[in-house]
Amino acid sequence: MNKSKTLKVISTGLAMFLLTGVFFELGLWQWHRAQATSRQGKVVPSSTPVALTAVDAAGKNIYTAAINRVVTFQGHYVTNFVAPAQLVTNLGYRDLTVALFLISDNRAILVVRGLNDGSLKPTSALVSVKGRIYPRQQDDHGVTTATTLGRLDPSLVAGDGYNLFDGYVIAMQEVDQSGLAISGSRVPAPVLLESISGFYWQHISYVIIWWFMGLLVLAAPFISRRNAKLHAIEDKVSS
């Protein structure tokens, strides 16, 4: 076997294994999506309240483990906003009362206090909050001004000089410094379910397709050699 033929065999072999690897990885990716589709809606986060600072950190993207957790923190409200046209479970689109909540060390987080119906009065007193934490919203529901937030996103108030937590909290309970619960029109704080497109068996079918393609690539040289031998036999017989 001459050098050029050897290089051709080696390059063909490398290309074959590379392509097989790509098909294998695609199949593996579809397999993971199938498993995620099977799990979605089944994982229920712990309802035991934990300190906000125990599951998340200010100045960073929200930790995956923090999403949907019920958290507690203490401090006071520093700025009040209205978040218009927010979709509220069982209530439809409603305006919400939102405030920036300052805790220790100049750290702050957005808190949805409840419906913007006048039942929740602005307060700067010491308050303890318990609520569920969510990732920031991506889509605008209105116009952002000095007193309104087009979406629930801490980046919209980033210019206030605080070290912000990513995401926001829907308050389930507020307690004043005397230990009394602050009453008002609260909004539901449902568990945010991960949405994965497609169905379980749809992803499984793609796993089979991708891995079958990988097997075809591996078998291609043997099929080609077999066909070449068959053609040689046919030529010999016909001659």
Side-chain angles (χ1 to χ4, degrees), residues 45 49-88 94-192:
V50 294
L52 171 63
T53 52
V55 293
D56 204 9
K60 299 181 179 180
N61 290 332
I62 188 171
Y63 295 161
T64 302
I67 297 173
N68 283 323
R69 292 299 303 270
V70 176
V71 296
T72 59
F73 44 94
Q74 187 178 65
H76 60 276
Y77 291 109
V78 290
T79 316
N80 298 288
F81 305 95
V82 174
Q86 289 285 332
L87 182 60
V88 179
R94 306 290 292 272
D95 292 351
L96 302 180
T97 295
V98 181
L100 189 62
F101 192 94
L102 182 64
I103 65 172
S104 59
D105 300 324
N106 202 43
R107 295 171 295 178
I109 188 168
L110 275 181
V111 176
V112 175
R113 300 189 66 199
L115 295 177
N116 184 44
D117 59 1
S119 63
L120 289 162
K121 304 300 181 184
T123 177
S124 58
L126 185 68
V127 175
S128 296
V129 176
K130 180 178 76 173
R132 194 180 302 279
I133 187 168
Y134 300 89
R136 67 174 68 190
Q137 291 182 341
Q138 302 295 326
D139 299 324
D140 288 330
H141 296 260
V143 178
T144 298
T145 68
T147 57
T148 63
L149 296 178
R151 63 182 184 275
L152 299 174
D153 183 349
S155 67
L156 299 180
V157 294
D160 291 340
Y162 300 111
N163 190 16
L164 299 173
F165 286 87
D166 193 12
Y168 63 96
V169 167
I170 294 182
M172 303 161 70
Q173 183 184 58
E174 293 176 326
V175 178
D176 64 21
Q177 52 191 330
S178 63
L180 298 175
I182 300 174
S183 60
S185 301
R186 305 291 175 191
V187 297
V191 173
L192 185 66

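If you read the sequence from its start, that first residue is 1, and numbering goes on from there.
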**Request:** Could you tell me the separation between the CG atom of L102 and the CG atom of L164, rounded to the nearest 0.5 Å?
**Result:** 10.0 Å
**Item:** Under 3.5 Å donor-acceptor, T144 side chain and G150 backbone
**Value:** yes
**Fill in**
P122 and N80 have their tightest heavy-atom pair at CB-ND2, 3.7 Å
**Request:** Carefully, step by step, assess R136 and D166 under the rule side chain to side chain contact (heavy atoms under 4.5 Å, CB included).
**Result:** CA-CA 7 Å; R136 67 174 68 190; D166 193 12; 2.7 Å; yes
**Message:** Do L156 and F81 make a side-chain contact, defined as non-hydrogen atoms from C-beta onward lying under 4.5 Å apart?
**Reply:** no
**Request:** Taking S128 for its side chain and T72 for its backbone only, find out whether a donor-acceptor pair lies under 3.5 Å.
**Result:** no
**Prompt:** So, for P135 and I67, which heavy atoms are closest and what is the spacing to 0.1 Å?
**Reply:** CD-CG2, 3.8 Å
**Prompt:** Would you say the side-chain atoms of N68 pair up with the backbone N or O of V191, donor to acceptor, closer than 3.5 Å?
**Reply:** no
**Prompt:** For V98, does its backbone N or O pair with a side-chain atom of N116 as donor and acceptor, under 3.5 Å?
**Reply:** no
**Asked** Looking only at heavy atoms, what is the nearest atom pair of A171 and V111, with distance?
**Response** CB-CG1, 3.9 Å
**Request:** State which residues pass ring pair (Phe, Tyr, Trp, His ring centres under 6.0 Å) with F165; sequence neighbours excluded, sorted by chain then number.
**Result:** none
**Fill in**
Sorted by chain and number, sequence neighbours left out, side-chain hydrogen bond (donor to acceptor under 3.5 Å, both in side chains) with S178 holds for D176
**Item:** Sequence-distant partners of D117, salt bridge (Lys or Arg N to Asp or Glu O under 4.0 Å), two or more places apart
**Value:** none
**Reported CZ-to-CD distance for the pair R151 and Q137, which is rounded to 0.5 angstrom** = 9.0 Å
**Qualifying salt bridge (charged side-chain N to carboxylate O under 4.0 Å, His left out) pairs, either residue in residues 179-189, two or more places apart** = E174-R186
**Complete:** Here the gap from I182 atom CD1 to K121 atom NZ, rounded to the nearest 0.5 Å, amounts to 13.0 Å
**Prompt:** Step by step, would you call V157 with L149 a side chain to side chain contact (heavy atoms under 4.5 Å, CB included)?
**Reply:** CA-CA 9 Å; V157 294; L149 296 178; 4.0 Å; yes
**Message:** To check you understand the geometry: which heavy-atom pair defines the closest contact between D95 and P84, and what is its length?
**Reply:** OD1-CA, 3.2 Å
**Message:** Which heavy atom of R132 sits nearest to which heavy atom of P190, and what is that distance?
**Reply:** CD-O, 3.6 Å
**side chain to side chain contact (heavy atoms under 4.5 Å, CB included) between H76 and L126, worked out** = CA-CA 5 Å; H76 60 276; L126 185 68; 5.5 Å; no
**Message:** I need the single residue from V55, I133, D56 that forms a side chain to side chain contact (heavy atoms under 4.5 Å, CB included) with Y63. Which is it?
**Reply:** D56
**Prompt:** Would V169 and I109 count as a side chain to side chain contact (heavy atoms under 4.5 Å, CB included) if you check the C-alpha gap in whole Å, the side-chain angles of each, and the deciding distance to 0.1 Å?
**Reply:** CA-CA 8 Å; V169 167; I109 188 168; 3.6 Å; yes
**Request:** Identify the two heavy atoms, one from P188 and one from V88, that lie closest to each other, and give their separation to 0.1 Å.
**Result:** CD-CG1, 3.7 Å
**Fill in**
One should read off an interatomic distance between I170 CD1 and L96 CG, to the nearest 0.5 angstrom, of 7.5 Å
**Message:** So Y162 and V78, do their side chains get closer than 4.5 Å, heavy atoms only?
**Reply:** yes
**Residue list, side chain to side chain contact (heavy atoms under 4.5 Å, CB included) with N163, at least two apart or on another chain** = A58, R107
**Request:** Among residues two or more places apart or on two chains, list those pairs meeting ring pair (Phe, Tyr, Trp, His ring centres under 6.0 Å) that have a residue in residues 96-121.
**Result:** F73-F101, Y77-F101
**Item:** Heavy-atom side-chain contact between V71 and V50 under 4.5 Å
**Value:** yes
**Request:** Kindly say whether R113 contributes a backbone atom to a donor-acceptor pair with the side chain of T97 at under 3.5 angstrom?
**Result:** no
